[in-house]
Amino acid sequence: MELTRRDFLKHSSFVASAFLVSFIVPQKARAQMVDNSVPEPNAFIQITKKNEITFFLPQAEMGQGAYTVLAMCIADELDAKWEDVFFEPAPVKELFNIPGMPMMLTGGSNSVKTRHLQMRQIGASIRAMLKIAAAKYWKISADLIQTKNAILTNTKTKESLPYGFFTDVIKLMKAPEKVTLKENSELTLIGKPTKRHPKEAWAKVMGHTQFGIDVRLPHMKYAALIQPRVFGATLKSFDATVALKKPGILKVKQLANHKIAIIAEKWWQAKEAINDVVVEWNERDFAKISSKDLAKEYESYLDKECLPMRKDGNVEEAFANAHKVVKATFKFPFLAHAAMEPLNCTVHHQKDSAFMSMGGQFQTLYRNKCAEIYQLPPEKVQYYNNYLGSSFGRRGTPSADFVIDSIYAAQNEAWPVMTLWSREDDIKMGSYRPMYRNSAEMAIDKEGNILGFKAKVIGQSMTKGTIFESFMFKEGIDATHKEGLTDHQYKVGSHDIQGFCPDSPIPLLWLRSVGHTQTGPLVEGIIDQAAVAANMDPIDFRIKNLQNPRFVELLKSVAKQSNWYKREKNSGYGVAVVESFGSIVAYVAKVKVENSDYKVEKIWAAVDCGLAINPLNVENQIISAVNFSIGITKYSEITIKNGEAEQSNFYDYTVSTIADTPEIHVEIINSGEKIGGMGEPGVPPLFPAVANALFDATGKRYTSYPIRLS
Amino acid sequence: MIQFTVNDKAYSVDVAEDTPILWILREHLNLTGTKFGCGAAQCGACTVLLGNEAIRSCSTPISEANGKHITTIETTKDKEVKALQYAWVAEDVAQCGYCQPGQIMNAASLLKKNPHPNEAQIIDAMRGNICRCGTYNRIKSAIAIVAKG
Ligand code: FES
Ligand code: FES
């Protein structure tokens, strides 16, 4: 079947035909299906004699819907009964690694992007094996067997048997060399708006879901931490005499990473005893660090020659010959993730083994850290991944900070120990989205062509010194300084884009959409200024200068949805379009400015993630990203003074609430291009869409985040 | 000895009087559906009903529950909670789900006082319950479904 790209540009649940190919099951997956040495006869799908079907899912579920969407892929090809399937987190084993990666990891919006085909292949393989088993049993050709709702039917005799009847047979069977995935017309789940799997949804509303914080093991104890509030400080001495007399306190011990763990029968007791421990820290010059000074330092680099990130064309000439030049500087603060569930991890250090149970994005890395610290072979550490009470990158940390705390706290202890950070630990102890000071300049000609683009990104590297350094920190530049900036999609005659990564002891980490949190507002902010300078409509200017038809399609969609061309002048409309993690999202935002405050009233969204396997989940991720990002746009900010964060809980680290929520309208355009991620791409265009809308309403450019009007 | 009931079951605990209800539920009674979010009455994740009133259990001492009835998300009887749970699933509200027990308990208390709240009243009642996944639009529509009856 030959379809043109145009044919794919249909709305909602149309399924692209890019899937109509025969796929080969990866060698490893195939081997696993007949490998009886693993506890599960089949690694990804377990079928019991009673026909209970469980999927072992290798990605973390942190709210983004990975379990439901991956399970849809398996269940569709397997012809399982959707409501009846169970999920379990896959254990840490090589065969569960991301295809082509040496580890299990959930990040970069990768779950569906990297796994949808694999999941389909697995479902299809097991279905093919069941049919072969049934064909032998009924002594007919496998083609005469139908599958539906986990039941095999002999079309000749109308006899039926549940999948579970053949479970022992398929355990011993070789997986087929090749499996053919379903034709689009045969799909029952993929491409259809599907709510969260009912088992997950019901457990969550009844309070039955087990998050890391809900782990309960026999004889387990709880640890609260005393951490240095000044970044970089080390422990000098402590006296726990008083604390040890308090009820329930079992132990107060120094950890190898300059923290103190108070272990008690109950976490509340441990937490209450914190003030009874007298601690002295070595703070040295670290106590002099402030975000004000850092900002001054960063800003000084904006006037200097920095390291090259992209240079092409003749920028000097472009700016000299320009009809108009627009300029902006941007300020982005440190941000805490403030994931809803405070950070925690439970570890049991046994004689020649260990068990850890938590909600984490980096299963393999955390398991290996534990093995390394306890000097155990990695396979002696059993890791169980619970549901994550949101994360936004925080539970995917290469430094493994809160996990290491827990590993140390439980080291050589007789009991399993849950180490739980307080909210104050979470807000004050960093692993922040970096602070940035950026600049941008654009030169345009009379016709609205972009002749030159200069930009600078100044911020500390978040990958330097981590296991990601070797491929994400090159020649002094962090890859996350560049993403979305040096690879923007506009037609531009020349570039001079530079960056610099000053150091500090403040621990940093990616936050949902990573570098795009600063490059999105930069690119879409300066483009908006250029449009105004060119005396063009902001959407028309973008369409004229964009070279990617997918972007244009989305802009047309949001223009139509929002009645853009009929809007009243200066009534608070702004637009932005950003690609990240393989998906493109465009927004038109409508804001209302009142006194010195503003409210985002409405968001019209258009999304192209290639193919929406679950359009309802795509919509949910946009709703999530919009509300999350409104908090960052309006309120959230970590400032450092005397070496420590000035904020400590939700009363001074403000996030969005239901009162900030705009009406949100989402349209999905299935271009049929490669499938992209959806957990993050809704974030970056929100900032510039709102900032541009504020310009429309007030005539002023807002480039300093969080955006406050006065 | 402090005596109270939780979801119609009687309990008595011998603990420091100022221990927050949250930690009694989670660590003594093993009712982990009620969540710890901030410990400072700032997020609503720990919301339960004391009588018919929504309270922040992280900041309410157990002594205040003496002789009273606590309802948590694990209840199987509460009419409003039940109706809300159905609406929550129907509206596909929960993402990570961590804040949702608190959201539902807070909404239940709203409905007990005002069975038919309008949108402004819903927002006003729910603005203290943080959802970092930003499911607010769906929360609004789920409550509206129950409010319409
Ligand atoms: S945990 Fe009680 S309000 Fe946040
Ligand atoms: S659903 Fe994740 S915090 Fe509300």
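Sequence lines set the chain letters: A, B, ... in the order given, protein chains first and strands last, and positions in each chain run from 1.
With a threshold of 4.5 angstrom between heavy atoms, A:F211 approaches chain B through side-chain atoms but not through N, CA, C or O. Contacts between B:I130 and chain A at a heavy-atom distance below 4.5 Å involve backbone atoms as well as side-chain atoms. Residue contact with chain B, scored on non-hydrogen atoms closer than 4.5 Å, is absent for A:E265. Interface remark: A:I427 contributes no atoms to any contact with chain B (heavy atom separation under 4.5 Å). For B:R26, the parts sitting under 4.5 Å from any heavy atom of chain A are the backbone and the side chain alike. In this structure, the portion of A:L388 lying under 4.5 Å from any heavy atom of chain B is its backbone and not its side chain. Heavy atoms closer than 4.5 Å to chain B are found in both the backbone and the side chain of A:S656. Heavy atoms closer than 4.5 Å to chain B are found in the backbone of A:P662, but not in its side chain. For A:E200, the part lying near chain B is the side chain, with the backbone staying farther off; criterion is any non-hydrogen pair under 4.5 Å. Residue contact with chain B, scored on non-hydrogen atoms closer than 4.5 Å, involves the backbone and the side chain of A:N620 alike.
B:F4 and B:I24 make their closest contact through CZ-CG2, 4.0 Å (heavy atoms, listed as atom of the first residue, atom of the second, distance).
Taking the ring centre of A:F628 as origin, the terminal cationic atom of A:R512 falls inside the region bounded by 6.0 Å and 45° from the ring axis.
Atom NZ of A:K592 sits in a sparse spot, with 12 or fewer heavy atoms from other residues, nucleotides or ligands closer than 6.0 Å. Residue A:E601 qualifies as enclosed at atom CD: its count of foreign heavy atoms under 6.0 Å is above 12.
Aromatic ring orientation, A:F87 versus A:Y67: perpendicular (interplanar angle above 60°, classes split at 30° and 60°).
Of the listed residues A:Q64, A:E272, A:H208, A:E619, the one with more heavy-atom pairs under 4.5 angstrom with chain B than any other is A:E619. Ranked by heavy-atom pairs under 4.5 Å with chain B, the list A:S624, A:G359, A:P198, A:G65 is led by A:S624. Considering only heavy-atom pairs separated by less than 4.5 Å from chain B, the leading option among A:W267, A:Y222, A:Y387 is A:W267. Residue with the most contacts toward chain B among A:S422, A:S390, A:A201: A:S390 (heavy-atom pairs, distance under 4.5 Å). Between chain B and the options A:M62, A:R216, A:E424, A:Q269, heavy-atom pairs under 4.5 Å are most frequent for A:R216. Note on B:T19, B:L22, B:T72: by heavy-atom pairs under 4.5 Å with chain A, the leading option is B:T19. Considering only heavy-atom pairs separated by less than 4.5 Å from chain B, the leading option among A:A203, A:A625, A:A338, A:G63 is A:G63.
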Task: Residues A:K246, A:D276; criterion salt bridge (Lys or Arg N to Asp or Glu O under 4.0 Å); working and verdict - done: CA-CA 9 Å; A:K246 289 262 181 144; A:D276 298 314; 3.0 Å; yes

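Using a 4.5 Å heavy-atom threshold, the side chains of B:Q3 and B:N66 count as touching.
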